[in-house]
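Down below is the structure, laid out as structure tokens.
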Amino acid sequence: MSVRVRFAPSPTGFLHIGGLRTALYNYLFARHNGGKFILRIEDTDQSRYVENAEQDIIDSLEWTGMVIDEGPGKGGDFGPYRQSERKDLYHKYAKQLVEEGHAYYAFDTVDEIEEMRERLKKSGNPSPKYDAITRQSMKNSLTLPQDEVKKRLDAGEEYVVRLKVPRRETVKFEDEIRGVVSFDTDGLDDQVLVKSDGMPTYHLANVVDDHTMEITHVIRGEEWLSSAPKHILLYNAFGWEPPTLAHLPLIMSPSGGKLSKRKAETEGIPINTKDYISGHYESDALVNFLAYLGWSPGDDSEIHDMKSLSELFTLDRVSKGGAVFNHKKLMWYNENYIREHSIAELMPGVKELVEAEGFEIPSDEFLTKVIELLHERVSKVDEFVSMGAFFFEAPETYDEKAVKKWKDDSPVILKTYRDKIEALPDEKFEAVTLKDKIKETIEEHEVGFGKLMMPLRLAVSGQGFGPELTPALELIGKQESLDRIDTIIEKLA
RNA sequence: GCCGCGUUCGUCUAGGGGUCCAGGACGCCGCCCUUUCACGGCGGUAGCACGGGUUCAAAUCCCGUACGCGGUACCA
């Protein structure tokens, strides 16, 4: 049977980094095995539905380079791919379960259940459940006479469908990542399958969909591990073969705990995929970084693109423990990918950013040189703009820390250099010559290299760091360079 | 509380009885290169949670403890 996996997010917000990683592992697994990657939207909780979430999920996956084989908008033989559009299916199967004695109707109100739990807690049961024991004293089709049940149903009274969880049974299954996991059914609630608003719960919809969509492997976050026995019980009740289960370790916050939106924000970690898009991260870098958060190929390699990751990825190399998100390592990956990209590849993106800042780009050759000069020192594309702004416009302010290196003798030394390069014929205004003039100047003044370099860099760029200086001067041009030197002498002398 | 799952350098991880006084990467520190800042090169720092077994031999297998995380809803 060919491999079919699904990524099944709920559209309750923007796609966050944890969800993206789950999607990635599913995608990699599908590609590795020549299978299909399916997107299914689990929109069964109408109260948490967020309007643009679905589009955000699709856009995010596209940005990272994951290609959806089947899904909403995309189509496929197993649609519809939104759970809200499959309601009839769930009802059909829920009904079947009731008829076969695996589930039952329950008419208790939320308050009544709450009251039952409170009462039991007081009498010494620390974790009361709606289970094989307590259901006997509740209002449901197991305790009510048949005609009464029918009457309530016909009258349109609100009800839920609950799974009839057997007592004293052990549910065992083999998790691809964790090995054999077992649970006792006595710890389980009679899980609600159909809510009173007519929507299925995750558990029912999930099992029905995975089966009818012929999903072979369910790869999801560890937060689902505790629900897995409920799902196994459901597969058994239907008489279906469960798919292979694999529960992924969670992505943790540096301060501990699952990386949540709130925690990420206070720790300065972008949490949503769209933040990485708008933050100008390299998608290859994010993918590479995320792939290694809980998985490794087993050798010493670190850099792999999507294609290479697909070839290497197997579930048995996924680790079991949670993985802490390390933003510095992400930045290292990002830097790496920028270096690996050619100037031509970088060009369109940088151009767009430079133009967005309102800078005039003299020519493509000019921009090419700017990118060349900055290529080795930038770790994110937007830094081409922040670090390279001075190529397009004279600095308006000078970096405070760098200004501290401006000494009393700076104006004289700078002036000497200024006059030397002013005397240069235009065709000689080039990096090598400009560098020779620097040497001449410091020799004349008997000072170190930095004595001229720092003030000169400050004059030209307004910063204390940046690309190689003399090629930058050449690019900016003679007149502009002289003007900038004059300006700083006037301002700081 | 109960149930489940975890635990190798600060972080991500390799390693699955002897080849490990534990390897790689990020970070951090130092040196070299560059008469600047970076890049790069070289080197260093630092870890098998703890306690019992099993075994000639344990980071590796078993048990327990501790700690962490997840779940415990008509949320997913």
Side-chain angles (χ1 to χ4, degrees), chain A residues 8-12 19 42-45 47-48 83 106 108-110 113-114 117 121 125-130 158-162 175 177-179 181-184 186-189 191-203 205-206 220-229 247 249-250 252 254 256-258 289 292-303 317 319-333 335 339 374-379 387 402 405 435 438-439 442 447-457 461 463-469:
Chain A
S10 336
T12 54
E42 308 225 324
D43 53 348
T44 54
D45 185 354
S47 65
R48 293 209 299 160
Q83 292 187 328
D108 318 276
T109 64
V110 175
I113 295 167
E114 185 63 23
R117 290 200 165 117
K121 241 180 227 175
N125 183 344
S127 49
K129 300 188 162 28
Y130 199 122
E158 283 201 345
Y159 68 91
V160 299
V161 176
R162 282 181 183 271
D175 185 285
I177 294 166
R178 282 148 219 285
V181 179
S182 78
F183 288 83
D184 199 307
D186 286 3
L188 268 34
D189 256 293
Q191 188 60 52
V192 170
L193 265 20
V194 177
K195 299 182 267 189
S196 57
D197 66 357
M199 277 295 199
T201 56
Y202 169 86
H203 308 285
N206 194 259
R220 69 216 321 183
E222 197 192 341
E223 70 266 31
W224 292 108
L225 188 57
S226 313
S227 304
H247 291 93
L250 264 17
M252 314 294 275
K258 181 166 129 179
F289 169 73
Y292 272 66
L293 218 49
W295 172 86
S296 86
D299 55 24
D300 288 343
S301 63
E302 299 280 344
I303 308 293
R317 298 214 55 88
S319 40
K320 298 179 176 79
V324 176
F325 189 97
N326 183 345
H327 192 259
K328 281 194 169 155
K329 186 137 191 187
L330 204 213
M331 289 312 291
W332 174 77
Y333 272 112
E335 235 172 76
R339 304 244 161 76
L374 291 166
H375 199 188
E376 298 290 290
R377 29 195 107 211
V378 144
S379 56
M387 216 181 266
K405 303 225 167 133
K435 193 154 195 174
I438 289 176
K439 281 180 199 157
I442 60 171
V447 292
F449 197 66
K451 277 291 211 179
L452 170 56
M453 223 48 189
M454 288 310 291
L456 185 56
R457 180 180 288 285
S461 72
Q463 295 166 327
F465 58 89
E468 240 194 300
L469 206 42

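Residue numbers begin at 1 in each chain, while the letters A, B, ... track the order of the sequences. The model shown is predicted, which means the values in this text are computed figures rather than measured ones. Values reported hereafter were calculated over all heavy atoms of this structure, with side chains retained and with hydrogens, waters and symmetry mates removed.
- Note on residues 322-333 of chain A: pairs passing salt bridge (charged side-chain N to carboxylate O under 4.0 Å, His left out), not counting sequence neighbours, are A:Glu302-A:Lys329.
- When heavy atoms are screened at a 4.0 angstrom cut-off, A:Thr12 is found touching no nucleic acid atom at all.
- Nucleic acid contact for A:Val181: sugar-phosphate only, since backbone atoms but no base atoms lie under 4.0 Å from a heavy atom of the residue.
- Counting non-hydrogen atoms under 4.0 angstrom, A:Met252 reaches the backbone sugars and phosphates but no base.
- Backbone-only contact: A:Gly321 has heavy atoms under 4.0 Å from sugar-phosphate atoms and none from a base.
- Nearest-nucleotide positions on RNA chain B for A:Ser296 and A:Ser182 put A:Ser182 closer to the 5' end.
- Pairing for B:rA73 is absent, with no Watson-Crick or G-U wobble pair whose two atom distances lie under 3.5 Å.
- Side-chain contact check for A:Leu456 versus A:Leu469: some heavy-atom pair is nearer than 4.5 Å.
- Protein chain A contacts RNA chain B from B:rG1 to B:rA76, reading 5' to 3' and using non-hydrogen atoms of the protein with a distance under 4.0 Å.
- Taking a pair to require two hydrogen-bonding distances under 3.5 Å in either a Watson-Crick or a G-U wobble arrangement, B:rC56 pairs with B:rG18.
- Residue contacts shown for A:Arg220 are absent, as no nucleic acid heavy atom lies under 4.0 Å away.
- Residue A:Gly322 is classed as a sugar-phosphate contact, given heavy-atom separations below 4.0 Å to backbone atoms only.
- Using a 4.5 Å heavy-atom cutoff, the side chains of A:Asp45 and A:Tyr202 are not in contact.
- Remark: B:rC5 base-pairs with B:rG68. Criterion, Watson-Crick or G-U wobble with two distances under 3.5 Å.
- A:Tyr202 comes within 4.0 angstrom of a nucleotide base, judged by non-hydrogen atoms across all strands.
- Base-pair partner of B:rA46: not found among the strands shown (Watson-Crick or G-U wobble, both distances under 3.5 Å).
- Electrostatic pairing of A:Arg162 and A:Asp108 does not count as a salt bridge here, judged by no charged N lying under 4.0 Å from a carboxylate O.
- RNA chain B is contacted by both A:Ser127 and A:Ser227; A:Ser127 maps to the nucleotide lying nearer its 5′ end (nearest heavy atom per residue).
- Within the nucleic acid shown, A:Ser10 comes within 4.0 Å of sugar-phosphate atoms alone, with no base atom in reach, counting heavy atoms only.
- Looking at heavy atoms from C-beta onward, A:Leu225 lies in side-chain contact with A:Arg178 at the 4.5 angstrom threshold.
- Of the nucleotides present, none pairs with B:rU36 by Watson-Crick or G-U wobble criteria with both distances under 3.5 Å.
- A salt bridge (charged side-chain N to carboxylate O under 4.0 Å, His left out) check over residues 192-201 of chain A, counting only residues at least two apart or in different chains, returns nothing.
- A:Gly257 comes within contact range of the sugar-phosphate backbone alone, with a heavy-atom separation under 4.0 Å but no base atom that close.
- Contacts of A:Arg178 with the nucleic acid, taken as non-hydrogen atoms under 4.0 Å apart, involve only primed sugar atoms and P, OP1 or OP2.
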